[in-house]
J.: 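I'd like to ask some things about the structure below.
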Amino acid sequence: MALGAEFMILVLSIILLVYYISKYAFKYWQRCGIPFIPPTFLIGNMKEILLLEESPADIMRNFYNHVVARAQPVFGIFLFYTPALIIRDLNLIKRILIKDFNHFANRFSTVDPHADILGYYNMFFVKNPEWKEVRTSITPVFTSGKLKQMFGLVSEIGNQLDAHLCSLKPDPKTNQLSLEMKEMCALYTTDVIASVAYGIQANSLKNPNGEFRSNGRKIFGFTRWKSFNVNLIFFNPVVAKMIRSRFFSDENEKFLKSAIYSALDIREKTGITRNDLIDILLSLKKSPIKDDPKLMGDILVAQAAVFFTAGYETASSTMSFSLYELCKDMECQNRLREEIRKVLKENNGQLTYDAVLNMEYLNMVIMEVLRLYPPLPFLDRECTSRNGYSLEPEVNFTVPNGMPVYIPVYGIHRDPEYFPDPDKFDPERFSAANKDKIVPYSYMPFGAGPHNCIGERFGLIQAKVGLINVLRNHFVKPTSKTSLKLKLGRALIIQAEGGIPCELVKDPLE
């Protein structure tokens, strides 16, 4: 009886201790004089993230538009008990991403190097000083000259996409050719990345269940457990490490290592150069970042891994969202197809790097799609300044060393203060007459500063060539299954829940 009473007292004492610790911890922002979104006991502001109630994009947009946050330059949230700062003020965003980048040189997100070495060492997650070395070494892949040299490979896959679409037959029952646009675009971008980055002909358009496309589906396919783990990697890496969250599974790792080691081996034996990622990785191998050969090998594979995943996924998403918006707006689609017709006629039916680069309306369409659907809905940074970083004069607060900072890109992109009628697809926002009106740092689909997306220009070229080859002999229109308002999936990278079904109608440009 006495033991039972003592046990109850112990339990109650622990509950009271946790309660008072939580109460104190959750008053952090109040003590700092920073407005904050009220947290929930034990989990802070992580409820929606943990339960996957909405997409991370919508969660961050809801934070951005919360009544507490409106008109504030910054506001606080809690990732369990960890205080985190969300930045709304564009001048502060400029300071953090560019002017004072050295104080925020690392992303907050990370994975356990023992559980997922490819995730840990790839250019997206890796920390300084390795990040700087890798970034400097990979940058030569994306010079204008190299992109021009790669264009022939991209254009070749684009022609294969056009031929593949022209070979498809309508359903005999409905006389319609209905396609899931995200998957169709992913087949194309997978083939582009396999060719340009790996020097391999993946032939996904002919064999949609081939090794490269199958592994891409597994890496980005949605499951509740995978999305839960990825959300922890971005919002609470301490817990992610505790439960050994991974971005790349054992199966993904095995495939990626096999593919890249095979490509490196062939290139070393033949001595062929293609001015591509493999050549850069070979030069890295000769001037290693790490003395440990095995670890250096993992670092090489990690860079190829992030190129494969980011390269095909972001470009295919941009393409499919473009086709979705165009299928709902035939006026814009007809204008774009007319520009494509004109460019093809001027170049004898062939695409050139300069011609694609100079397609004004195509660029306007892509830019507006990236405003509506930026690949990553937010940017994360970690304060790396030993003495903290002062936000004065905008805010009377010093960000302590190690604190996570988030920039809600998706929320900013859909803020009517910067983009009137923000949910409307309107390429005219990016016309020559209007683009200078866009407020600096209100538009950041690829991030900004030294940590911006290194493959931005390549991704744009890849998406543009793909769209041209979809629309040169077809137009798209909605089907009965095409949603008038997309619901975003619960994966971290912005995706449409349930895909993007459209009808493809043959209509060659003359």
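Scope of the values below: all heavy atoms of this structure, side chains included, with no hydrogens, waters or symmetry mates. Every value quoted in this text rests on a predicted model; they were computed, and no experiment measured them.
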J.: Which atom pair, heavy atoms only, marks the closest approach of Val111 to Lys241?
T.: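 Looks like O-CE, 4.1 Å.
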J.: To the nearest 0.5 Å, tell me how far Glu382 CD sits from Arg107 CZ.
T.: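 Going from the CD atom of Glu382 to the CZ atom of Arg107 covers 12.5 Å.
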J.: Backbone N or O of Tyr389 within a donor-acceptor pair of the Thr398 side chain at under 3.5 Å?
T.: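 A pair under 3.5 Å: no.
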J.: Are Val196 and Gln462 close enough that some pair of their side-chain heavy atoms sits under 4.5 Å apart?
T.: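 Counting from C-beta outward, Val196 and Gln462 never come under 4.5 Å.
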J.: So that I know where these two stand, are Phe212 and Phe255 an aromatic pair - ring centroids less than 6.0 Å apart?
T.: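 Centroid separation for Phe212 and Phe255: below 6.0 Å.
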J.: May I ask you to say whether Glu251 pairs ionically with Arg246, meaning some side-chain N is under 4.0 Å from a carboxylate O?
T.: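 Salt bridge absent between Glu251 and Arg246.
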J.: As an exercise, state the distance from OG of Ser55 to CG of Leu486, rounded to the nearest 0.5 Å.
T.: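 So the gap between those two atoms works out to 11.5 Å.
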J.: Side chains of Arg371 and Pro422: closer than 4.5 Å at any heavy-atom pair?
T.: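 SC-SC contact between Arg371 and Pro422 confirmed.
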J.: To the nearest 0.5 Å, tell me how far Ser144 OG sits from Arg457 CZ.
T.: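 Going from the OG atom of Ser144 to the CZ atom of Arg457 covers 4.0 Å.
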J.: For Ala302 and Tyr121, work out which heavy atoms get closest and say how close.
T.: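 Shortest heavy-atom separation between Ala302 and Tyr121 comes out as CB-C, 3.7 Å.
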J.: Around atom CE of Met242, are there more than 12 heavy atoms of other residues, nucleotides or ligands at under 6.0 Å?
T.: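 No, not enclosed.
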J.: Hey, is the main chain of Ile494 close enough, under 3.5 Å, to the side chain of Tyr410 for a donor-acceptor pair?
T.: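 Judged by distance alone, no pair lies under 3.5 Å.
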J.: Where is the tightest heavy-atom contact between Phe78 and Ala25, given as atom of each residue plus distance?
T.: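 In terms of heavy atoms, the two residues are closest at CE2-O, 3.4 Å.
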J.: Should Leu460 and Leu370 count as side-chain neighbours, where that means a heavy-atom distance under 4.5 Å?
T.: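 Answer yes - side chains close enough.
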J.: Of all heavy-atom pairs between Pro440 and Leu90, which one has the smallest distance, and what is that distance?
T.: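 Taking every non-hydrogen atom into account, O-CD1, 3.6 Å.
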J.: Is there a donor-acceptor pair closer than 3.5 Å between any side-chain N or O of Asp415 and the backbone N or O of Ile412?
T.: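 It does not hold such a pair.
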J.: Check whether any side-chain N or O of Arg337 sits under 3.5 Å from a backbone N or O of Leu471 as a donor-acceptor pair, and report yes or no.
T.: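 Indeed, once roles are kept as given, a pair shorter than 3.5 Å links the two residues.
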J.: Among Pro427, Pro445, Ser322, which residue satisfies the side-chain contact (heavy atoms from CB on, under 4.5 Å) criterion with Ile366?
T.: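 Exactly one pass, corresponding to Ser322.
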J.: Which pair of non-hydrogen atoms, one from Ile233 and one from Ser245, has the smallest distance, and what is that distance?
T.: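 In this case the closest contact between Ile233 and Ser245 is CG1-CB, 4.0 Å.
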J.: Is the backbone of Glu313 close enough, under 3.5 Å, to the side chain of Thr189 for a donor and an acceptor to pair up by distance?
T.: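 A pair under 3.5 Å: no.
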J.: Does the side chain of Pro56 come within less than 4.5 Å of Met60's, by heavy atoms?
T.: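 When only atoms from C-beta onward are counted, Pro56 and Met60 do not touch, as no gap falls below 4.5 Å.
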J.: If only atom types and distance count, is the side chain of Asn236 paired as donor or acceptor with the main-chain N or O of Leu232 below 3.5 Å?
T.: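 No; judged by distance alone, with no hydrogens or angles, the pair does not exist.
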J.: Check step by step if side-chain contact (heavy atoms from CB on, under 4.5 Å) holds for Leu79 and Phe108.
T.: CA-CA 12 Å; Leu79 310 175; Phe108 177 63; 4.2 Å; yes
J.: Checking Arg429 against Phe419: charged group under 6.0 Å from the ring centre and within 45 degrees of the axis?
T.: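 So Arg429 doesn't make the cation-pi contact.
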J.: Do Glu339 and Leu336 have side-chain heavy atoms sitting under 4.5 Å apart?
T.: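 They are in side-chain contact.
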J.: Run the salt bridge (Lys or Arg N to Asp or Glu O under 4.0 Å) test on Glu503 and Lys481 for me, step by step, so that the C-alpha distance in whole Å, both residues' side-chain angles and the decisive distance to 0.1 Å come before the verdict.
T.: CA-CA 10 Å; Glu503 183 182 352; Lys481 295 180 180 179; over 6 Å; no
J.: Is there a side chain to side chain donor-acceptor pair (under 3.5 Å) between Ser317 and Thr314 once you walk through the steps?
T.: CA-CA 5 Å; Ser317 292; Thr314 55; over 6 Å; no
J.: Determine the interplanar angle of the Tyr353 and Phe151 rings, folded into 0 to 90°, and report it as parallel if under 30°, tilted if 30 to 60°, perpendicular if over 60°.
T.: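 Perpendicular: the ring planes of Tyr353 and Phe151 meet at over 60°.
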J.: State whether the side chain of Asp116 and the backbone N or O of Phe248 hold a donor-acceptor pair below 3.5 Å, judged by distance alone.
T.: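 Looks like yes, one N/O pair under 3.5 Å.
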J.: Between the main-chain N or O of Glu53 and the side-chain N or O of Glu48, is there a donor-acceptor pair closer than 3.5 Å?
T.: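 No.
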J.: What about the rings of Tyr64 and Phe75, do their centers lie closer together than 6.0 Å?
T.: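 Distance test on ring centres: not under 6.0 Å, no.
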J.: Which salt bridge (Lys or Arg N to Asp or Glu O under 4.0 Å) pairs, counting each pair once, include a residue from residues 323-334, with sequence neighbours left out?
T.: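 Counting only pairs at least two positions apart or across chains, the salt bridge (Lys or Arg N to Asp or Glu O under 4.0 Å) contacts touching residues 323-334 are Glu325-Lys328.
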J.: Applying ring-ring contact (aromatic ring centres under 6.0 Å, His included) between Phe125 and each of Phe234, Trp131, Tyr120, report the one that passes.
T.: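 The residue from Phe234, Trp131, Tyr120 that satisfies ring-ring contact (aromatic ring centres under 6.0 Å, His included) with Phe125 turns out to be Phe234.
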J.: Distance-only, no hydrogens or angles: does the Asn122 side chain make a donor-acceptor pair with backbone N or O of Leu118 under 3.5 Å?
T.: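 Flag set: sc Asn122 to bb Leu118 pair under 3.5 Å.
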J.: How long is the span from the CG atom in Asn65 to the CZ atom in Arg70, to the nearest 0.5 Å?
T.: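 These two atoms lie 6.5 Å from each other.
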J.: Among side-chain atoms of Thr139 and Thr136, is any donor-acceptor pair under 3.5 angstrom?
T.: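 No, no side-chain donor-acceptor contact under 3.5 Å.
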J.: How long is the straight-line distance from CG of Leu51 back to CZ of Arg490, given to the nearest 0.5 Å?
T.: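 The CZ atom of Arg490 sits 11.0 Å away from the CG atom of Leu51.
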J.: Please examine the side chains of Tyr188 and Asn469, heavy atoms only from C-beta on, and report whether any two atoms are closer than 4.5 Å.
T.: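 SC-SC contact between Asn469 and Tyr188 ruled out.
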J.: Please report whether the ring centroid of Tyr81 lies less than 6.0 Å from that of Phe26.
T.: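 Yes, the ring of Phe26 comes within the 6.0 Å limit of the ring of Tyr81, centre to centre.
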J.: Looking at Asn128, is its backbone amide N or carbonyl O close enough to the side chain of Asn106 to form a donor-acceptor pair, meaning the two atoms are under 3.5 Å apart?
T.: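 Yes.
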J.: Can you establish whether the number of heavy atoms outside Lys127 located under 6.0 Å from its atom NZ is more than 12?
T.: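 More than 12 within 6.0 Å, yes.
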J.: Check the pair Phe80 / Ile43 against side-chain contact (heavy atoms from CB on, under 4.5 Å), numbers first and verdict last.
T.: CA-CA 4 Å; Phe80 294 116; Ile43 60 173; 4.0 Å; yes
J.: Stepwise, does the side-chain contact (heavy atoms from CB on, under 4.5 Å) test hold for Phe235 with Met46?
T.: CA-CA 8 Å; Phe235 289 104; Met46 292 282 288; 4.1 Å; yes
J.: Check step by step if salt bridge (Lys or Arg N to Asp or Glu O under 4.0 Å) holds for Arg335 and Glu338.
T.: CA-CA 5 Å; Arg335 182 174 168 185; Glu338 174 58 26; over 6 Å; no
J.: Contact between Tyr361 and Val365 at the side-chain level, heavy atoms closer than 4.5 Å - yes or no?
T.: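 In contact.
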J.: Phe63 and Tyr406: aromatic ring centres closer than 6.0 Å?
T.: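 Between Phe63 and Tyr406, the centre distance exceeds or equals 6.0 Å.
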J.: How long is the straight-line distance from CG of Asp380 back to NE2 of His451, given to the nearest 0.5 Å?
T.: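 Atom-to-atom, His451:NE2 and Asp380:CG are 9.0 Å apart.
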J.: How far apart are the C-alpha atoms of Ile438 and Phe430, what are their side-chain angles, what is the distance that settles it, and do they pass the side-chain contact (heavy atoms from CB on, under 4.5 Å) test?
T.: CA-CA 8 Å; Ile438 294 172; Phe430 294 91; 3.3 Å; yes
J.: Mark yes when over 12 heavy atoms from residues, nucleotides or ligands other than Asn396 sit less than 6.0 Å from its CG; otherwise mark no.
T.: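 No, CG of Asn396 has 12 or fewer neighbouring heavy atoms, counting only those of other groups under 6.0 Å.
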J.: Does NZ or CZ of Arg414 come closer than 6.0 Å to the centre of the six-membered ring of Phe425, within 45° of the ring's axis?
T.: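 No, Arg414 and Phe425 do not form such a contact.
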J.: In terms of heavy-atom contacts, does CZ of Arg31 have more than 12 from other residues, nucleotides or ligands at under 6.0 Å?
T.: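 Enclosed: over 12 neighbouring heavy atoms sit under 6.0 Å from CZ of Arg31.
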J.: Looking at Ala496 and Phe321, what are the two nearest heavy atoms and their distance?
T.: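 Result for this residue pair: N-CZ, 3.8 Å.
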J.: Evaluate the side-chain proximity of Lys148 to Asp354: yes if any heavy-atom separation is below 4.5 Å, no if none is.
T.: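 With C-beta onward as the side chain, the pair touches.
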